[in-house]
Amino acid sequence: MFAVNDLKVLISRDQIAYRVAAMGAEITRDFAGESIIFVGVLKGAAIFLGDLARHVDLDATFDFIGVSSYGNRPTPSQELQHGWDSTGEVRLTKDVDQSMRDKNVILVEDILDTGLTLTYLKSILLAHKPKALRIATLLDKPSRRKKPIQADYVGFSIPDEFVVGYGLDYAERYRNLPDICVVPRG
Ligand code: 5GP
């Protein structure tokens with residue numbers, strides 16, 4: 001584990017608040033007069049979803065979906081040394097609670113990295129035949145992409161660093177840090 005003092009702030013709570021408000025305004029404009037469902041990806045997107053949704057002035061409901069990677073998930077320290085490398089085999093641990101048929105769905109994720117997770121989730125949600133499906137991600141690491149997927153709403157593009165805070169964890173910790181911080185690669 002790390003002392004919080006070892007973590008370098010990459011994006012401050014003020015920068016996050018400003019950007020998340022702007023993303024909420026954009027979604028409000030894009031779906032004016034319509035209802036939407038936010039589908040948050042557990043657990044990392046929970047804090048972002050909570051803040052984003054409060055800046056969306058539309059009739060809205062929440063749902064959550066859960067995933068985990070099969071097999072070779074690196075230990076937290078391997079993850080830091082080599083960067084996160086999911087195997088590509090993503091598994092559903094919690095499905096949505098309702099049909100998304102003919103609904104406007106905003107899939108809310110903490111970070112878009114290789115793109116494997118969102119590619120998998122997008123195909124699952126598209127099978128519901130929603131009216132519209134959009135992806136909102138707080139962070140994007142475009143340099144790490146393995147699948148050609150893009151988000152419709154992106155908070156910040158960041159370099160290939162391992163980050164924690166504002167919902168993002170290292171071995172389940174640090175999700176409650178208000179700023180987004182870089183963990184030193186050691
Ligand atoms: P992808 O399938 O796009 O490679 O990975 C997405 C998932 O990898 C995210 O939802 C997150 O759980 C994890 N991830 C990728 N990069 C980071 C990072 O810098 N920090 C943390 N805490 N998780 C990350």
Side-chain angles (χ1 to χ4, degrees), residues 1-2 4 6-13 15-16 19-20 23 38-52 63-96 106-126 133-186:
M1 287 306 130
F2 309 93
V4 170
D6 292 339
L7 303 172
K8 190 174 122 272
V9 174
L10 180 68
I11 307 170
S12 72
R13 63 198 80 182
Q15 290 172 296
I16 297 169
R19 185 70 197 115
V20 171
M23 293 172 85
F38 290 107
V39 176
V41 185
L42 295 170
K43 305 171 192 167
I47 292 178
F48 173 44
L49 189 154
D51 283 347
L52 179 68
D63 209 322
F64 291 93
I65 198 162
V67 282
S68 90
S69 303
Y70 276 118
N72 306 328
R73 182 176 168 150
T75 62
S77 61
Q78 285 170 336
E79 209 164 282
L80 271 182
Q81 274 152 26
H82 310 296
W84 167 270
D85 256 314
S86 19
T87 57
E89 299 161 81
V90 183
R91 162 176 79 95
L92 204 62
T93 55
K94 187 210 167 291
D95 203 351
V96 288
I106 316 271
L107 181 57
V108 182
E109 175 63 306
D110 52 2
I111 184 163
L112 176 51
D113 186 27
T114 63
L116 294 164
T117 306
L118 279 178
T119 300
Y120 172 74
L121 289 177
K122 195 174 165 184
S123 74
I124 287 187
L125 292 177
L126 282 176
L133 175 63
R134 301 280 182 270
I135 295 174
T137 187
L138 179 68
L139 302 175
D140 187 6
K141 285 190 209 170
S143 64
R144 298 252 313 143
R145 203 74 92 249
K146 290 183 179 163
K147 295 272 184 187
I149 184 164
Q150 288 187 338
D152 302 283
Y153 306 99
V154 177
F156 303 89
S157 271
I158 63 167
D160 182 12
E161 299 276 11
F162 192 85
V163 291
V164 295
Y166 197 73
L168 289 140
D169 75 311
Y170 176 84
E172 292 299 328
R173 299 184 66 195
Y174 308 110
R175 292 192 197 274
N176 58 326
L177 297 179
D179 306 303
I180 293 170
C181 300
V182 174
V183 177
R185 285 219 157 116

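Counting begins at 1 with the first residue of the sequence. As the structure lists them, so they are numbered: ligands from 1, and atoms in each ligand from 1.
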Atom indices of ligand 1, in the order listed, that fall short of 4.0 Å to a heavy atom of [X]:
X: Leu116; result: 2 (O), 3 (O)
X: Lys141; result: 16 (N), 17 (C), 18 (C), 19 (O)
X: Thr117; result: 1 (P), 2 (O), 5 (O), 6 (C)

Of all the heavy atoms in [X], does at least one lie under 4.0 Å from an atom in ligand 1?
X: Arg145; result: no
X: Phe162; result: yes
X: Gly115; result: yes
X: Lys146; result: no
X: Val163; result: yes

Identified side chain to side chain contact (heavy atoms under 4.5 Å, CB included) counterpart of Leu49 within the set Val108, Val39, Val41:
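Only one of Val108, Val39, Val41 forms a side chain to side chain contact (heavy atoms under 4.5 Å, CB included) with Leu49, namely Val108.
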Taking non-hydrogen atoms only, is Glu109 closer than 4.0 angstrom to ligand 1 via side chain, backbone, both or neither?
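For Glu109, the contact with ligand 1 is made by the side chain alone.
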Answer with side chain, backbone, both or neither: which part of Asp110 has a heavy atom less than 4.0 angstrom from an atom of ligand 1?
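Side chain only; the backbone of Asp110 stays clear of ligand 1.
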Considering residues, nucleotides and ligands other than Lys94, do more than 12 of their heavy atoms fall under 6.0 Å from its NZ?
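Yes, the 6.0 Å shell around NZ holds more than 12 heavy atoms from other groups.
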Which residue, Asp113, Asp140, Thr114, forms the side chain to side chain donor-acceptor pair (under 3.5 Å) with Arg145?
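Testing Arg145 for a side chain to side chain donor-acceptor pair (under 3.5 Å) against Asp113, Asp140, Thr114 leaves exactly one candidate, Asp140.
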